[in-house]
J.: 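One structure is given below, represented as structure tokens, and several questions about it will come after.
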Amino acid sequence: MQDDRIHRLPEVMQRTKLGRSTIYSLVAAKQFPQPIKLGPRAVGWSTNEISNWLQKRADLREAA
């Protein structure tokens with residue numbers, strides 16, 4: 001199993017090339033991995049979940 005670390009929002013934005021509001025809109029629409037609550041005011045996202053989401057996006061592109 002690959003190393004599954006937690007990414008904070010700036011890293012997720014850099015990796016996906018999406019903005020903050022777009023990420024949270026997709027989360028609300030259940031079209032993006034749900035954040036993991038790290039503390040009262042902190043969330044993060046799993047490396048594996050972000051990688052899987054990106055791969056699914058690439059697979060959709062290839063299927064079109």
Side-chain angles (χ1 to χ4, degrees):
M1 183 173 154
Q2 90 185 60
D3 182 32
D4 189 23
R5 64 187 280 278
I6 302 298
H7 293 281
R8 297 296 304 273
L9 184 60
E11 293 174 285
V12 174
M13 291 168 57
Q14 182 179 7
R15 184 144 187 233
T16 63
K17 307 301 186 224
L18 297 174
R20 171 188 214 97
S21 60
T22 301
I23 290 171
Y24 280 110
S25 291
L26 291 171
V27 166
K30 306 255 190 254
Q31 297 177 355
F32 194 80
Q34 298 296 303
I36 299 164
K37 190 151 181 76
L38 303 174
R41 297 180 59 191
V43 297
W45 283 264
S46 158
T47 298
N48 290 339
E49 290 179 2
I50 297 299
S51 295
N52 290 341
W53 182 83
L54 288 168
Q55 185 59 52
K56 286 178 186 175
R57 300 286 293 203
D59 292 346
L60 288 172
R61 179 195 64 208
E62 292 170 9

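In this text the structure is predicted, and so the values were computed from the model without any measurement. Here, residue 1 is the first one in the sequence, and each next residue gets the next number.
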J.: For the residue pair His7 and Thr47, what are the closest heavy atoms and their distance?
T.: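 Heavy-atom minimum between the residues: NE2-OG1, 2.9 Å.
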
J.: State, with a plain yes or no, whether a side-chain heavy atom of Arg15 is found less than 4.5 Å away from one of Ser51.
T.: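 In short, these two side chains touch, coming nearer than 4.5 Å.
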
J.: Measure the shortest side-chain to side-chain distance between Val12 and Trp53 over non-hydrogen atoms and say whether it is less than 4.5 angstrom.
T.: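 Side-chain contact under 4.5 Å: no.
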
J.: Asn48 side chain to Asp4 main-chain N or O, any donor-acceptor pair under 3.5 Å?
T.: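 Not confirmed, Asn48 side chain does not pair with Asp4 backbone.
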
J.: Going by atom type alone, with no hydrogens or angles, which donor-acceptor pairs under 3.5 Å involve a side-chain atom of residues 56-64 and a protein atom two or more places apart or on another chain?
T.:
residue: Asp59; atom: OD1; partner: Gln55; partner atom: NE2; Å: 2.8

J.: Could you pull out the closest heavy-atom pair between Pro33 and Val27, with the gap in Å?
T.: O-CG2, 3.6 Å

J.: Are the side chains of Thr16 and Trp45 in touch, meaning some heavy atoms are under 4.5 Å apart?
T.: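 Of all side-chain heavy-atom pairs linking Trp45 with Thr16, none is under 4.5 Å.
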
J.: My understanding is that only residues two or more places apart in sequence, or in another chain, count here; which of them pass salt bridge (charged side-chain N to carboxylate O under 4.0 Å, His left out) with Glu49?
T.: none

J.: Does CZ belonging to Arg20 count more than 12 external heavy atoms closer than 6.0 Å?
T.: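 Not more than 12 within 6.0 Å, no.
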
J.: Does Lys17 reach the main-chain N or O of Gln14 with its side chain, forming a donor-acceptor pair under 3.5 Å?
T.: yes

J.: What pairs with Leu38 under side chain to side chain contact (heavy atoms under 4.5 Å, CB included), at least two apart in sequence or on another chain?
T.: Ile6, Arg8, Ile36, Ala42

J.: Rounded to the nearest 0.5 Å, how far apart are OG of Ser46 and CD of Gln34?
T.: 13.0 Å

